[in-house]
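Worksheet: one structure, shown below.
The structure displayed is predicted, hence computed values, not measured ones. Worth knowing before you read on, the calculation uses all heavy atoms, side chains too, and leaves out hydrogens, waters and symmetry mates. Residue numbering restarts at 1 for every chain, and letters A, B, ... go by the order of the sequence lines.
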Protein chains: 2
Amino acid sequence: MKKKKEVTIYDLAKELNFSPSTISRALNNHKSIGKKTTKKVQKTAEEFGYRPNALAASLRNNTTKTIGIMMSRINRPFQASLITGIEKTARKSNFNVIITQSDDKYENEVKNAKALYDARIGGLIVSLGMETQDTSHFDQYVKQNIPIVFVDRVPESFNSYRVIIDNYAAGYRATKHLIEQGCKRIAHFAGAQHVNVYHLRKKGYLDAINEHGLQVDEELILDLKTLSFEEGKKATKKLLKLENPPDGIFSANDTAAVSAILYAKEKGIKIPQELAIIGFNDDPISRIVEPTLSTVSHPAIKMGEISTKKILEHATRKLDTAVSEITMLDTEVIVRNSSNRNLK
Amino acid sequence: MKKKKEVTIYDLAKELNFSPSTISRALNNHKSIGKKTTKKVQKTAEEFGYRPNALAASLRNNTTKTIGIMMSRINRPFQASLITGIEKTARKSNFNVIITQSDDKYENEVKNAKALYDARIGGLIVSLGMETQDTSHFDQYVKQNIPIVFVDRVPESFNSYRVIIDNYAAGYRATKHLIEQGCKRIAHFAGAQHVNVYHLRKKGYLDAINEHGLQVDEELILDLKTLSFEEGKKATKKLLKLENPPDGIFSANDTAAVSAILYAKEKGIKIPQELAIIGFNDDPISRIVEPTLSTVSHPAIKMGEISTKKILEHATRKLDTAVSEITMLDTEVIVRNSSNRNLK
DNA sequence: ATAATATACGCAATCGATTGTTGTTTCAAA
DNA sequence: TTTGAAACAACAATCGATTGCGTATATTAT
């Protein structure tokens with residue numbers, strides 16, 4: 001178990017007859033070091049294969065070039081893409097990315113917040129879990145001036161960066177689209193209403209209905225806890241049994257929308273003629289299911305990029321955390337066959 | 001930008017009139033510290049809200065409680081699930097997980113290997129990129145006795161842990177299944193043949209064909225570089241144009257298999273009656289496409305768990321890296337409608 | 001009672017980079 | 001030639017935990 005020693009600034013100092021301080025500053029292009037010296041040091045560092053020990057620097061600076069991520073579950077298309085965007089952007093600036101997942105359990109979220117804090121992350125990117133209502137587990141970050149970016153599922157109020165999509169407009173437009181296709185009784189698979197994204201989508205839905213001379217029917221609005229495949233199926237079943245069933249469904253996610261398509265088809269209902277359906281997220285399945293699912297697309301990778309940039313700016317410029325900045329991205333209604341009545 | 005100081009072992013030492021060494025040892029349950037002392041220290045640490053500074057320990061020990069992950073792309077179902085398994089298992093042992101993705105580019109893979117090395121990770125879990133043939137960028141880890149686990153896409157020979165599925169058997173069984181359904185001319189969408197998993201699946205396919213009295217027809221074997229949707233479609237087109245088209249397809253992944261289903265259906269070919277199809281991976285889309293796609297399931301999360309356990313064992317017991325241990329997991333042929341001719 | 005062995009704990013160096021302070025050169029202007 | 005400023009570089013403390021070695025006290029055996 002012999003380990004080859006790494007090259008340190010002390011080795012370079014000895015070689016060049018400078019002090020370690022000078023080496024350190026030269027490597028960081030500090031202005032108090034002469035140009036020739038700086039160049040010489042960097043050249044030698046290169047030759048010696050010097051690689052800075054980030055741990056030492058982190059210990060000294062009490063912060064790391066690491067971004068922590070908190071997600072509910074990473075093996076879902078949206079979240080995976082979010083992480084992809086984060087990781088790519090972070091790595092360009094030599095930041096590492098630590099991930100955690102909460103399984104949508106509040107308890108895990110609190111634990112993970114602590115774990116990441118202990119890892120001395122330089123910034124945090126969070127998409128809240130379903131259960132989370134209280135956000136005090138993030139207070140410690142604020143106290144230490146560690147930047148937090150909430151993405152997508154964000155808290156109502158928290159002095160931090162927030163990167164979101166315009167869920168209200170998205171819900172409005174998706175619903176409007178169904179109305180334009182001639183739907184008169186549009187159902188809505190809503191998510192848990194204490195989660196902002198679902199709340200806003202529903203609000204958009206409601207306003208669209210009202211503003212187009214249609215009637216909101218509470219019977220057609222189903223709050224699904226997790227918007228899972230099973231829940232979607234059950235909900236569809238319930239809707240179809242109604243005396244006056246809907247002729248359109250706006251589902252707050254694709255999973256439930258797909259289950260609606262499959263179940264309705266099974267019951268011999270024609271999509272989109274008898275029942276037009278639109279989902280949310282533009283998951284890969286939406287292109288595969290038949291009929292292909294109309295949906296609302298999320299710029300997931302971009303959201304990851306933007307979130308990361310916020311952190312990086314903050315970390316680099318050592319800004320103060322007393323910011324509350326909201327970046328709102330646009331969504332796009334993607335019309336596919338499950339809602340397009342003008343096809344044939 | 002005032003920062004509240006964290007509690008350190010020095011604070012505890014002062015409080016309890018012990019030396020920092022004693023505190024450190026007591027917190028680590030070192031045997032050279034008395035029982036009462038240990039208990040007292042731990043109690044006080046708890047009261048004071050002491051949280052160890054992992055950076056300091058890492059610097060001293062020259063290793064971190066962090067596992068590095070190298071993947072080609074994390075927003076794909078299999079890889080995302082793999083990471084899920086890794087992260088969950090790691091966190092239970094207070095290890096963090098750093099992820100990197102190469103986009104299947106060799107250059108990125110080399111860069112990421114360096115970046116993770118610089119981060120002083122305690123172990124590495126890798127699924128090789130498509131382009132990777134040379135693995136010398138991992139040599140530095142071996143030299144430093146840092147454990148490496150290759151998962152799924154592993155190198156032919158490398159003195160390390162490898163966690164894989166039995167690709168040969170999987171390919172054999174998938175093909176055999178098609179034969180049992182009455183297929184006589186079975187095509188194969190093979191992946192890049194320098195990647196072990198695809199090579200083995202093809203081998204299983206070939207042997208199954210031969211051992212069941214069928215004829216291997218090179219015309220029916222298509223090496224798809226990336227097994228993408230587009231490639232799959234093109235390949236299917238080519239196959240269907242053949243004078244003597246196939247009556248079955250075994251695709252080395254689900255994406256290409258799904259594209260085959262969609263294209264064939266578009267051309268009016270009946271699945272599975274005229275063309276039976278089986279994929280690989282059990283991606284979510286396989287349950288959605290119509291007909292639902294038969295496939296081979298990968299125990300992705302479990303693979304992540306096992307890989308992580310290997311690392312943890314190694315890190316905890318400080319074993320030597322001179323191991324070459326292969327863990328082979330079983331797969332399961334999942335018969336759905338795209339290949340089941342006995343349905344109606 | 002004394003030597004021998006445990007047991008319990010402290011000293012101080014160490015990991016590698018950073019940085020406020022201080023000291024020395026260098027060069028130009030007076 | 002002197003003086004002042006700017007440029008350059010070194011000293012030494014610091015971040016917090018770990019650990020080899022050494023010492024002091026307690027326990028046991030003889």
Side-chain angles (χ1 to χ4, degrees), chain A residues 1 3-42 44-45 48-66 94 117-120 122 144 315 318, chain B residues 1 3-42 44-45 48-65 94 117-120 122 144 318:
Chain A
M1 246 189 61
K3 307 214 172 187
K4 210 177 56 191
K5 275 279 179 20
E6 298 283 328
V7 180
T8 73
I9 55 170
Y10 297 94
D11 300 325
L12 297 178
K14 205 171 289 173
E15 171 72 15
L16 293 169
N17 276 320
F18 283 131
S19 80
S21 355
T22 300
I23 304 292
S24 170
R25 287 192 251 251
L27 290 171
N28 290 306
N29 287 310
H30 195 286
K31 55 179 174 285
S32 84
I33 301 296
K35 251 191 172 176
K36 291 158 288 159
T37 308
T38 299
K39 193 151 278 176
K40 189 159 42 155
V41 168
Q42 293 182 349
T44 315
F48 275 53
Y50 167 78
R51 332 217 48 195
N53 186 327
L55 288 173
S58 297
L59 174 61
R60 176 63 221 246
N61 299 331
N62 198 35
T63 182
T64 62
K65 292 179 84 170
T66 298
N94 283 316
Y117 182 81
D118 286 347
R120 263 75 179 174
Q144 296 286 337
K318 295 185 180 167
Chain B
M1 248 192 55
K3 307 215 172 185
K4 208 177 57 188
K5 275 280 177 22
E6 297 283 328
V7 180
T8 72
I9 56 170
Y10 297 94
D11 300 325
L12 297 178
K14 204 171 289 173
E15 171 72 15
L16 294 169
N17 276 317
F18 282 130
S19 79
S21 350
T22 300
I23 305 292
S24 171
R25 287 192 253 250
L27 289 172
N28 291 307
N29 288 308
H30 195 287
K31 56 180 176 285
S32 83
I33 302 296
K35 251 191 171 178
K36 294 158 288 163
T37 309
T38 299
K39 194 151 275 177
K40 188 158 45 154
V41 168
Q42 293 183 349
T44 315
F48 274 52
Y50 166 78
R51 336 221 39 202
N53 186 327
L55 289 174
S58 296
L59 174 58
R60 176 62 221 248
N61 299 331
N62 197 36
T63 182
T64 62
K65 292 179 82 168
N94 283 317
Y117 182 81
D118 286 347
R120 264 73 177 175
Q144 295 289 333
K318 295 184 179 166

Is a side-chain donor or acceptor of R60(A) paired with a backbone partner of S58(A) at a separation under 3.5 angstrom?
-> no
Nucleotide dT14(C), atom P - distance to CG of N53(B) in whole Å = 21 Å
Just checking, is any N or O donor in the side chain of Q144(A) or N62(A) under 3.5 Å from an acceptor N or O on the other one?
-> no
Gap between atoms CG and P, on N29(B) and dT7(C) respectively (whole Å) = 17 Å
Got N53(A) and E6(A) here, is their nearest side-chain heavy-atom distance under 4.5 Å?
-> no
Rounding to a whole Å, what distance do you find between N61(B):CG and dG16(C):P?
-> 12 Å
dT18(D) phosphate, OP1 or OP2: any side-chain N/O from N28(B) under 4.0 angstrom?
-> yes
L59(B) side chain, from C-beta outward: closest of dG16(C), dG10(C), dA17(D) | dG16(C)
Side-chain (S24(B)) to main-chain (P20(B)) donor-acceptor, under 3.5 angstrom | no
What is the distance from CD1 of I33(A) to P of dT19(C), rounded to the nearest Å?
-> 13 Å
Which whole-number value in Å describes the distance from I9(B) CD1 to dT18(D) P?
-> 7 Å
Out of dC9(C), dT18(D), dA17(C), which nucleotide sits closest to the side chain of Y10(B)?
-> dT18(D)
Nearest heavy-atom neighbours spanning V7(A) and Y50(A) | O-CD1, 3.3 Å
With a 4.0 Å cut-off on heavy atoms, is N17(B) in touch with a base, just the backbone sugar-phosphate, or nothing at all?
-> sugar-phosphate
Would you kindly give the NZ-to-P distance between K40(B) and dA8(C), to the nearest whole Å?
-> 13 Å
Starting from the 5' end of DNA chain D, give me the residue, G34(A) or R51(B), whose nearest nucleotide shows up first.
-> G34(A)
Out of dA10(D), dA17(C), dG20(D), which has the shortest distance to the side chain of R25(B)?
-> dG20(D)
Taking CG from N62(B) and C1' from dT14(C), how many angstroms apart are they, rounded to a whole number?
-> 12 Å
Specify the residue among K35(B) and R120(B) whose closest nucleotide of DNA chain C lies further upstream toward the 5′ end.
-> K35(B)
Report the nucleotide, chosen from dC11(C), dC15(D), dC9(C), that has the shortest atom-to-atom distance to any side-chain atom of R60(A).
-> dC15(D)
Minimal non-hydrogen separation, L55(B) against L59(A), with atom names = CD1-N, 4.0 Å
Tell whether S21(B) reaches the base of dC11(C) with its side chain through a donor-acceptor pair below 3.5 angstrom.
-> yes
State which of dT19(D), dG16(C), dT18(C) makes the closest approach to the side chain of S24(A).
-> dT18(C)
Return the value, rounded to whole Å, for the distance between atom CZ of F18(B) and atom C1' of dT25(D).
-> 14 Å
Is there a side-chain polar atom (N or O) of T22(A) under 4.0 Å from OP1 or OP2 of dA10(D)?
-> yes
To the side chain of T37(B), which of dA10(D), dA8(C), dG16(D) is closest?
-> dA8(C)
Do the side-chain N or O atoms of S19(B) get closer than 4.0 angstrom to the phosphate oxygens (OP1, OP2) of dG10(C)?
-> yes
